[in-house]
K.L.:
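Encoded as structure tokens, here's the structure I'll be asking about.
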Amino acid sequence: MSPEQILKTTQLTKSFGNLIAVNQAELEIFRGEIVGLIGPNGAGKTTLFNLITGLETPDKGQVLFKNQDITFLPPHKICQLGMSRTFQVTRSFGEMPVEDAIRVGAYNRRGEKEVQKKVDEVIEFFDLKHIKKTKCNDLGLASLRKVEVARAAATEPDLLLLDEAGAGLTASELFKLMEELKELNHETGITLCVVEHVMEMVMGLCQRIFVLDAGEMIACGVPGEICNNQRVIEAYLGGGSYVESGSKS
Ligand SMILES: Nc1ncnc2c1ncn2[C@@H]1O[C@H](COP(=O)(O)OP(=O)(O)O)[C@@H](O)[C@H]1O
Ligand SMILES: [Mg+2]
């Protein structure tokens with residue numbers, strides 16, 4: 001049986017003034033996969049996520065999600081269809097306790113009666129019990145990042161896009177997040193697309209990797225192929241810097 005396509009972008013293009021931030025980008029993701037999206041700062045990764053999730057509208061091209069054309073749908077409609085995301089810059093839920101921030105996500109698919117069950121499940125899964133009453137404003141970065149992921153997971157998406165969900169975390173916090181994401185994918189079947197700079201995380205987590213450079217998709221392949229791709233090394237990984245330092249920003 002051939003794998004089921006969950007997301008496909010065709011010739012997706014977005015300019016800001018003279019700058020082509022995303023240039024004819026083609027991305028194809030299959031149900032159940034964990035896919036990575038890497039590339040230098042300014043490559044267009046966040047813009048591509050914004051185009052896919054309806055925060056920006058493309059100048060050209062198409063976004064298909066579960067075989068439906070969602071190119072011009074607003075974000076909340078896309079979320080209802082089963083796509084969720086996190087943001088590179090953590091958004092503040094202010095004075096809201098962690099549990100309530102997660103409940104906001106859970107309402108995406110559930111009514112009043114079933115919502116608490118999902119909230120409890122997600123809190124348990126992401127090990128947030130001890131801080132569930134804590135106000136989001138009082139959280140440290142690692143907890144805040146985790147709450148963002150938990151809130152997105154609570155929407156019960158088919159596809160979850162994570163935009164540098166591990167930025168600013170220590171190596172051990174990042175490793176824990178990676179393990180949780182693997183488990184989330186394994187247990188719930190949620191398809192993940194991850195933007196991440198730390199190469200150990202990308203290589204350890206992702207089955208396939210797409211590489212964006214100056215708005216263009218320059219490569220796609222399994223981690224071993226990407227590490228050895230000359231164009232990717234020149235554009236992003238550098239002369240063996242992955243092997244030496246393990247990360248790139
Ligand atoms: N709203 C915007 N207005 C103008 N330029 C933007 C806007 N959003 C992004 N850009 C530019 O588009 C390019 C791609 O940005 P971005 O998608 O944030 O890259 P990445 O996430 O890969 O670092 C950058 O040059 C950035 O400055
Ligand atoms: Mg970005």
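Read the numbers this way: they start at 1 and go in the same order the structure lists the ligands and their atoms.
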K.L.:
Tell me whether Thr155 contacts the main-chain N or O of Asn108 through its side chain, where contact means a donor paired with an acceptor under 3.5 Å.
P.N.:
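No, because the side chain of Thr155 does not come within donor-acceptor range (under 3.5 Å) of the backbone of Asn108.
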K.L.:
Starting from atom 14 (C) of ligand 1, what is the nearest protein heavy atom, named by residue and atom, and what distance separates them?
P.N.:
Gly42 O, 3.4 Å
K.L.:
Any nitrogen or oxygen of Gln88, main chain or side chain, under 3.5 Å from a nitrogen or oxygen of ligand 1?
P.N.:
no
K.L.:
Could you measure the distance from the OG atom of Ser15 to the CD1 atom of Ile20? Nearest 0.5 Å is fine.
P.N.:
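It is 4.5 Å, given to the nearest 0.5 Å.
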K.L.:
Counting only heavy atoms on the protein side, is anything nearer than 4.0 Å to atom 22 (O) of ligand 1?
P.N.:
yes
K.L.:
Where is the nearest protein heavy atom to atom 26 (C) of ligand 1: which residue, which atom, and how far?
P.N.:
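Protein heavy atom at minimum distance: Leu19 CD2, 4.4 Å.
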K.L.:
At what distance is the nearest protein heavy atom to atom 19 (O) of ligand 1, and which residue and atom is it?
P.N.:
Gly44 N, 3.1 Å
K.L.:
Drop me the distance from Phe210's CZ to Glu26's CD, to the nearest 0.5 angstrom.
P.N.:
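If I round to the nearest 0.5 Å, the distance is 10.0 Å.
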K.L.:
If you have a sec, work out which protein heavy atom is nearest atom 9 (C) of ligand 1 and how many Å separate them, to one decimal?
P.N.:
Phe16 CE1, 3.5 Å
K.L.:
Distance check, rounded to the nearest 0.5 Å: Glu180 atom CD versus Lys146 atom NZ?
P.N.:
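It is 3.5 Å, given to the nearest 0.5 Å.
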K.L.:
Would you confirm whether Lys14, through its side chain, and Thr57, through its main-chain N or O, come within 3.5 Å as a donor-acceptor pair?
P.N.:
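Confirmed, Lys14 side chain pairs with Thr57 backbone.
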K.L.:
Determine, for Asp100 against Arg103, whether the closest basic-nitrogen to carboxylate-oxygen distance falls under 4.0 angstrom.
P.N.:
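So Asp100 pairs with Arg103 through a salt bridge.
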K.L.:
Could you tell me the residue and atom name of the protein heavy atom closest to atom 17 (O) of ligand 1, and the distance to it rounded to 0.1 Å?
P.N.:
Thr47 OG1, 2.6 Å
K.L.:
Could you tell me which atoms of ligand 1, counted from 1 in the order shown, lie closer than 4.0 angstrom to a heavy atom of Asn41?
P.N.:
23 (O)
K.L.:
With heavy atoms of Ala43 as the reference, note each atom of ligand 1 found under 4.0 Å away.
P.N.:
19 (O), 20 (P), 22 (O)
K.L.:
Looking from the Mg ion (ligand 2), what is the angle between OG1 on Thr46 and OE1 on Gln88, to the nearest 10°?
P.N.:
80°
K.L.:
What do we get for Leu48 next to ligand 1 when only non-hydrogen atoms under 4.0 Å count, side chain, backbone, both or neither?
P.N.:
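Neither part.
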K.L.:
State plainly whether the residues Asp213 and Arg231 are in salt-bridge range, i.e. N to O under 4.0 Å.
P.N.:
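Salt bridge absent between Asp213 and Arg231.
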K.L.:
Just how far is it from atom CD of Glu164 to atom CZ of Arg145, taken to the nearest 0.5 Å?
P.N.:
7.5 Å
K.L.:
Suppose we measure from atom 18 (O) of ligand 1 to each protein heavy atom; which comes out shortest, and what is that distance?
P.N.:
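Atom 18 (O) of ligand 1 sits closest to the protein heavy atom Thr46 CB, 3.8 Å.
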